[in-house]
Amino acid sequence: MARHLITSAIPYINGIKHLGNLVGSQLPADLYARYLRGRGHEVMFICATDEHGTPAELAAAKAGKPVADYCAEMHDVQAAIAGGFRLSFDHFGRSSSPQNRALTQHFAKALADQGLIREVTEKQMYSVTDGRFLPDRYIEGTCPNCGFESARGDQCDNCTKQLDPVDLINPRSVISGSTDLEMRETKHLFLRQSAMKDKLAAWIDSKTDWPVLSTSIAKKWLFDGEGLQDRGITRDLSWGVPAQFDGAPWAGMEGKVFYVWFDAPIEYIAGTQEWAEKTGGDWARWWRLDQGAEDVTYTQFMGKDNVPFHTLSFPSTILGSAEPWKLVDYIKSFNYLNYDGGQFSTSRGRGVFMDQALGILPSDYWRWWLLSHAPESADAEFTWENFQASVNKDLADVLGNLVSRVTKFCNSKFGTEMPATVVLTERETALMAQFRDGLAAYEKAMDEIHVRRAAEELRALWVLGNEYLQAAAPWSVVKTDEAAARGIIAFALNLIRLYAVLSRPFIPDAAQAIMTALNCDDWTWPEDLDAAIRSLPEGHAFAVPENLFRKITDEEREDWAKRFAGRRE
RNA sequence: GGCUAGGUAGCUCAGCAGGUUAGAGCACGUGACUCAUAAUCACGGGGUCGGGGGUUCGAGUCCCCCCCUCGCCACCA
């Protein structure tokens, strides 16, 4: 039994995330956590909401609520939806927690002690009307290059030219529309990532088994142009972790907070502390190499937009602190999921959002499609046709129908109890050999976190059940040799129990439904397949379950395609 | 513009230390079966592996050029 620490990139607080966000981190992280638990490992799975920053303040203002209240509410909303998708976090924390405040300030102090913090005075656009400094992309104006009137301060969406806010003609605040803007000087703290460059490069180079997506992005940031740049870790905002050091003021940093990218990943640790406080558990044995974490394997999941922070910035924080913190062992990153020929768009309400998804179909349907199409090697695309085909074929026809035909056949011929003791004849022995190979392939894919391949291998195991039943043909055998037919069904019922155990990481509710119907609660992973296939003894009572999955009709598909094409309701 | 990743059957994707007739699922066709959610199982048709050049006994797989998509480019997170 090994110990696995798993974290999912923490979703931002301002609103409900879409399916692309879900499949990019939380869902595959959950798959892996469930799999490792299933195999008997000790798992700590942490996620949280990322609550600081300008967008949170603006969203709260728009909602007419104090930002702390807004975040608390949205956290509960996101937690409820995560529960709806059966995301099995050990703790779903908040980056605004007292634990994270203390720990973020602690890291800042540790980094300062190591000489890795420097002050930088920079100029930034200030909106007098809004009373706040504006990030570049919160400034709009006419593009000096192409004349596009809604060019953003960092880049023109029309001609894609990179801009500086001062280049814009007639600049205005995106927030208020105000043109009362001026350049002001402001002092910020920078993390000297550049000083960590060689150490980070050597570390990344040692990670030869990481997805290319993880390493290529990291290397680009490390070596592109002048190489890894120092990065500001403070902002002129009121909502955030005060830019102090272990609670002591830092001269000149009054009224400033740490920048979200700095405090958000620290929440992985602080979230574990929150968990410890809640449960009385020991967080340090997961995170402190001097307090029991040396045998922990730490895996992070994230979308590609988060890779630089997790491969460079957060490791700079960890390594730079010179304290014995656990560093990540494996970074699993994902590309984007597109929606029907374009992008998912939060602002335009394009695509399916997590709450809407649960409103039209149970979580297993989404989990299965998203995981079996996870954007691992390239961007993937969600289409309703594809979704309908996968759900109907894989879930309803292959797995659901298998469970249905076996339990119903047994009920009609032998009643609702196990009709025999499992005996392996030639046919079953051959099937078991195939199953063993398939199971090994499934486990290998899961161990390597090859999500799509794992789904493929799992499905192949389901198909074996249909192949077996079709060849054994108990509906024919029963007419001449009832004992043999009973044996076939007993074997098939036990096979179905195995499917529940093996499928649980992907489709936990359906797995539970199978187990409930089989009147069984033995989720032991089939390390010993010969014993596992005999788990349900002769005479064991079971129930015929409702159909596990229903099919998606063409009418529904068309209706949904129309409904989610634009404008979120 | 620079950089990343990709462009393989109608669709979604595997394959890539270069090596027998390029694979899977879906869709399509034929057959089998009739226990089951008009489900299942078997067999089959279908690809000049984006284009062009090169290296090699041999290239989807390596090199060069071009075309096309997606994304990133550090003050969004």
Side-chain angles (χ1 to χ4, degrees), chain A residues 9-14 50 52-56 122-125 133-139 152-155 160-162 164-165 186 188 193 212-213 215-217 219-221 223-225 228-232 235-236 259-261 264 303-309 312-313 335-336 338 343 372-373 375-383 385-390 392-398 400-413 450 452-453 455-456 459-460 463 465-478 485 488-489 492 546-551:
Chain A
I10 66 179
Y12 200 68
I13 193 71
N14 67 340
D50 179 8
H52 295 139
T54 306
E122 53 184 6
K123 286 184 175 175
Q124 199 176 353
M125 202 68 95
F133 283 94
L134 297 176
D136 290 354
R137 62 176 55 197
Y138 282 91
I139 301 162
R152 288 186 323 202
D154 56 341
Q155 187 173 33
T160 74
K161 186 176 172 62
Q162 284 186 64
D164 198 287
T186 178
H188 282 298
Q193 297 184 141
V212 281
L213 186 63
T215 51
S216 65
I217 292 175
K219 285 179 180 174
K220 191 202 164 210
W221 281 56
F223 304 120
D224 218 38
L228 188 61
Q229 301 294 296
D230 294 345
R231 193 159 177 142
R235 294 284 88 184
D236 290 289
Y259 198 176
V260 275
W261 74 258
K304 59 184 170 186
D305 53 329
N306 253 316
V307 169
F309 297 113
L312 304 170
S313 299
N335 288 283
Y336 293 143
N338 292 317
Q343 297 177 347
S372 61
H373 295 79
E376 291 180 292
S377 57
D379 290 353
E381 171 148 319
F382 176 92
T383 64
E385 289 77 9
N386 193 315
F387 179 64
Q388 178 193 29
S390 290
N392 290 357
K393 197 69 192 176
D394 300 346
L395 296 182
D397 293 348
V398 175
N401 184 51
L402 177 68
V403 172
S404 173
R405 66 198 295 208
V406 171
T407 54
K408 285 176 181 168
F409 180 83
C410 185
N411 181 39
S412 71
K413 303 295 181 189
H450 290 155
R452 276 189 311 211
R453 188 175 307 160
E456 201 176 302
R459 194 197 120 101
V463 167
N466 279 315
E467 285 176 13
Y468 167 77
L469 205 65
Q470 200 67 31
W475 49 88
S476 298
V477 173
V478 72
I488 292 166
I489 294 302
E546 294 293 310
N547 282 342
L548 254 36
F549 302 98
R550 72 175 185 82
K551 295 201 186 190

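Labels below follow one simple rule: chain letters A, B, ... track the order of the sequence lines, proteins then strands, and each chain is numbered from 1.
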Mind checking A:Pro55 for me? I need base, sugar-phosphate or nothing, with any heavy atom below 4.0 Å counting as a touch. sugar-phosphate

Tell which nucleotide pairs with B:rC26, taking only Watson-Crick or G-U wobble pairs whose two distances are both under 3.5 angstrom. B:rG10

Side-chain N or O of A:Lys304 closer than 4.0 Å to phosphate OP1/OP2 of B:rC70: no

Heavy atoms under 4.0 Å, any strand shown: does A:Glu385 hit a base, just sugar-phosphate, or nothing? nothing

Under 4.0 Å between any heavy atoms, over every strand shown, what does A:Glu467 touch: base, sugar-phosphate, or nothing? Just pick one. sugar-phosphate

So for A:Asn401 and B:rA39, does any side-chain atom that can act as donor or acceptor lie under 3.5 Å from a complementary atom in the base? no

Residues two or more places apart in sequence or in another chain: which of them pass ring-ring contact (aromatic ring centres under 6.0 Å, His included) with A:Phe549? A:Tyr365

Hey, what are the protein-to-nucleotides 62-64 of chain B N/O distances that come in under 3.5 Å?
none

Please find the pair of heavy atoms, one from A:Thr54 and one from A:Pro135, that lie closest to each other, and give the distance. OG1-CG, 4.0 Å

Indicate for each nucleotide in nucleotides 4-12 of chain B, in 5' to 3' sequence, whether protein heavy atoms under 4.0 Å reach the base (B), only the sugar-phosphate (S), or nothing (-). SS------S

Strictly below 4.0 Å: does A:Arg453 bring a side-chain N or O up to OP1 or OP2 of B:rA24? no

Looking across every strand, which nucleic acid part, if any, lies under 4.0 Å from A:Thr54 by heavy atom: base, sugar-phosphate, or nothing? sugar-phosphate

With a cut-off of less than 4.0 Å, is there a side-chain N or O of A:Tyr259 near OP1 or OP2 of B:rA77? yes

Where does the angle between the aromatic ring planes of A:Trp475 and A:Phe409 fall among parallel (under 30°), tilted (30 to 60°) and perpendicular (over 60°)? perpendicular

Are OP1 or OP2 of B:rA38 and a side-chain N or O of A:Lys551 less than 4.0 angstrom apart? no

Of the non-hydrogen atoms in A:Lys304 and A:Leu213, which two are nearest, and what is the gap between them? CB-CD2, 3.9 Å

